[in-house]
Structures are given as structure tokens and as C-alpha cells.
Amino acid sequence: MNASERIGNAQTSLVAARLLLKEGFERDACSRAYYAMFDAARAALTASGAPVSAEKARTHSGAISAFSLYLIKTGKLPAVHGARLSQAHQARLLADYQGDSVAPERASAVIDWASELIDSVKSAFALD
């Protein structure tokens, strides 16, 4: 999958997250927003040509680690995106696997983070 396809997936997940939040499904909205961020991070890794194996980029921990190493620490993307991606990953784990409730404000924040990351990746790597 190329970077444009990955950013397209991220945008689709973002739309789904917004719809889920609107309908009161905060846990699912938070999860879907995280996946928007995950796909955006993978799009950035692909677009940047970072030397990341497909196997490593496929896993959550591998992609987050590579994103931090190759895109955040090098200054190609603002550091805030690395911190937010990690926070969204933790929120998703709690929502998906522990069944914890997610406050609407928290889900909304993760959706905002996803939107900002997608915009940043699109701008930094000229993706549509």
C-alpha cells in the first residue's frame, strides 16, 4: 500500500470516528480515531522512505517506535504528534480491551489529534 492509500484510509477512519462520536459511541470513536492516527503515521513512514521493514510497520508498537525515531526525533513532524499517538494508543487499548468508558471530551480530543496529524502528514509529504 502506498502513502496516498494509507492517508486515504486514515481520512476514512476519521470520518467514521466523527460519526461514531455523534451517535454516542465514544469508545468506538476513540478506537477509530486512533486507527486514523496509526494509518497516518504509516503513511508518513512510507512517504519519508524511512528504513522500516513492512513487518515492523504493521505492528502498533513497531510503527509508533519507527514514527518517533524517523519522523519525530528528526524534526520532520512536530513532537506533539508523537506524544499524542502514544496517548491515543493507550486510550484505544483501554477502550477496546478493558471495556473502560471513554468520556465524550476524551474521544473528541483524540479525533482532533487525528485530524491534526493527518493534516500535518499531508502537508509535510505532499499527499492528497
Side-chain angles (χ1 to χ4, degrees):
M1 186 174 285
N2 67 37
S4 292
E5 292 168 330
R6 289 191 194 285
I7 206 71
N9 285 349
Q11 291 173 304
T12 298
S13 290
L14 181 59
V15 169
R18 287 179 173 142
L19 290 170
L20 287 163
L21 181 60
K22 181 180 175 184
E23 294 299 322
F25 297 99
E26 291 87 1
R27 284 181 32 221
D28 297 308
C30 187
S31 180
R32 191 56 22 211
Y34 162 74
Y35 276 101
M37 295 178 79
F38 179 67
D39 283 336
R42 291 174 68 200
L45 288 167
T46 300
S48 73
V52 182
S53 70
E55 185 173 316
K56 184 174 184 175
R58 185 176 22 249
T59 69
H60 296 273
S61 61
I64 292 169
S65 173
F67 182 78
S68 177
L69 180 64
Y70 295 111
L71 300 170
I72 301 301
K73 290 185 179 178
T74 60
K76 291 180 181 170
L77 290 172
V80 69
H81 294 312
R84 288 176 175 174
L85 178 59
S86 293
Q87 291 172 6
H89 182 238
Q90 290 304 312
R92 191 227 20 135
L93 290 174
L94 292 173
D96 285 356
Y97 296 111
Q98 295 188 11
D100 290 357
S101 64
V102 174
E105 299 80 17
R106 179 69 168 163
S108 182
V110 177
I111 289 169
D112 290 344
W113 297 347
S115 179
E116 291 168 14
L117 177 57
I118 289 168
D119 289 345
S120 189
V121 169
K122 286 173 62 178
S123 176
F125 299 103
L127 297 174
D128 290 326

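From a predicted model like this one, the values you see are computed outputs, not experimental measurements.
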* Asked: With no hydrogens and no angle check, is any side-chain donor or acceptor of S115 less than 3.5 Å from a backbone partner on I111?
  -> no
* To do: Write down the atom of A33, the atom of A114, and the distance for their closest heavy-atom approach.
  => O-CB, 3.6 Å
* Asked: At their closest point, which heavy atom of V102 faces which heavy atom of A107, and how far apart are they?
  -> CG1-N, 3.8 Å
* **Minimum-distance pair of heavy atoms, taken over all atoms of L77 and I72** => O-CD1, 3.8 Å
* Could you give the distance from CH2 (W113) to OG (S120), rounded to the nearest 0.5 Å? -> 15.5 Å
* Please walk me through it: do M37 and H81 pass side chain to side chain contact (heavy atoms under 4.5 Å, CB included)? -> CA-CA 9 Å; M37 295 178 79; H81 294 312; over 6 Å; no
* **Side chain S68, main chain I64, donor-acceptor under 3.5 Å** => no
* Between R32 and S13, does any side-chain donor sit less than 3.5 Å from a side-chain acceptor? -> yes
* **Donor-acceptor under 3.5 Å (E5 side chain, N2 main chain)** => yes
* Exam field: side chain S31 to backbone R27, donor-acceptor pair closer than 3.5 Å -> no
* Asked: Is the backbone N or O of S61 less than 3.5 Å from a side-chain atom of S65, with the two atoms forming a donor-acceptor pair by type?
  -> no
* Asked: Do the side chains of L45 and L69 join up, straight or via other hydrophobic residues, at under 4.5 Å, putting them in one cluster?
  -> yes
* Non-hydrogen atoms of L117 and A41 that approach each other most closely -> CD2-N, 4.5 Å
